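The sequence lines fix the lettering, A, B, ..., with proteins before strands; numbering per chain opens at 1. For clarity, every value in this text was computed on a predicted model and none was experimentally measured.
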2 protein chains.
Amino acid sequence: MEPHAKLYLLSDEDEGLFGDGKWRLLMAVREHGSIQEAARELGRGYRKAWGDIKSAEEAFGRAIVRKTRGGSSGGATELTEFGVQLLDAWEKFRSEVSSCMNEAFEEYLKPIIGGIDDER
Amino acid sequence: MEPHAKLYLLSDEDEGLFGDGKWRLLMAVREHGSIQEAARELGRGYRKAWGDIKSAEEAFGRAIVRKTRGGSSGGATELTEFGVQLLDAWEKFRSEVSSCMNEAFEEYLKPIIGGIDDER
DNA sequence: AAGGGATATGTTCGAATGAACATAACGATT
DNA sequence: AATCGTTATGTTCATTCGAACATATCCCTT
């Protein structure tokens, strides 16, 4: 029994534009220089990964990655400057919220549900 | 473009046991003294509301509400002492995390994505 | 020019989650 | 005992979202 937060950036229409899922994906892209590889690592299909990146870029209205096709390597994808900044900012954001959440959990909820375990 | 957090309590198997949805539901139950009324207010069906309460109680392993059937009123549902404590604790928990998140957003993300609007 | 690996998209299938429908049981009041 | 409004459950339908399948395109290398 532990707390967890799913963090999002929402549009005015309450659509989820960005969250930990896309953050992890972009992390993997930065690391491997390829959407294909990134998707493989995360156990997601390329189709999904590609679509996620596209929708994120549409949401922000600007490029997060720079992609190239063809060549001996087949192609590649790297983060734009904005992409890198976004990742770093999100990292700090989520980390801060996460630790804050754990504190609040210990202070308010733990005393109430503390002794409860749930293995059934 | 604003931040949002979905807060959960997770079991060891990563199942979502409790969150804002059930919190709001229990709030409405406390206010109206009836699952039926609570569901009506939230625009959810009674079936769903009843099931949600049941699963929450199973998750915590103890009663959150005390229900009675029959009578002139048809029946009624009130929160147990534990239920009330849980609601209050969750209220403080979410409030704290929420304000913390907004601070973190202003500090880290706003500077990066600040000028972006998305009405398309 | 042929090959290979990654990007680019459309499409179809399946699982999960909530909405909706249908009853049954209950019990104070009349 | 008949009624009425609520609790209690099973079941079925719809919608959403990711998984999976299928191609097409690109372009450096050989």
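Look at B:K54 and you won't find any side-chain N or O under 4.0 angstrom from OP1 or OP2 of D:dA8. Under 4.0 angstrom from either OP1 or OP2 of D:dT7 there lies no side-chain N or O belonging to B:W50. Regarding contacts with the backbone of D:dC4, every side-chain N or O of B:S72 stays at 4.0 angstrom or more from both OP1 and OP2. Between A:R40 and C:dG5 there is no side-chain polar atom (N or O) within less than 4.0 angstrom of OP1 or OP2. Contact annotation: B:T77 reaches the phosphate of D:dT7 (side-chain N/O to OP1 or OP2, under 4.0 Å).
Annotation: of the two residues near DNA chain C, A:K67 and A:G70, the 5′-most nearest-nucleotide partner is A:G70. The residue among A:G43 and A:R69 whose nearest nucleotide of DNA chain D lies closer to the 5′ end is A:G43.
Comparing D:dT7, C:dT7, C:dA19 against the side chain of B:K48 picks out C:dA19 as the nearest. The A:S34 side chain lies nearest to C:dA6 when the options are D:dT29, C:dA6, C:dA19.
A donor N or O paired with an acceptor N or O is found under 3.5 Å between the base of C:dG10 and the side-chain atoms of A:R47.
Using a 4.0 Å heavy-atom criterion, one finds that B:G74 contacts the bases of the nucleic acid, with or without backbone contacts as well.
A salt bridge links B:R30 with B:D88: the closest approach of a Lys/Arg side-chain nitrogen to an acidic carboxylate oxygen falls below 4.0 angstrom.
Sequence neighbours left out, the pairs with a member in residues 89-98 of chain A that pass salt bridge (Lys or Arg N to Asp or Glu O under 4.0 Å) are A:D20-A:R94.
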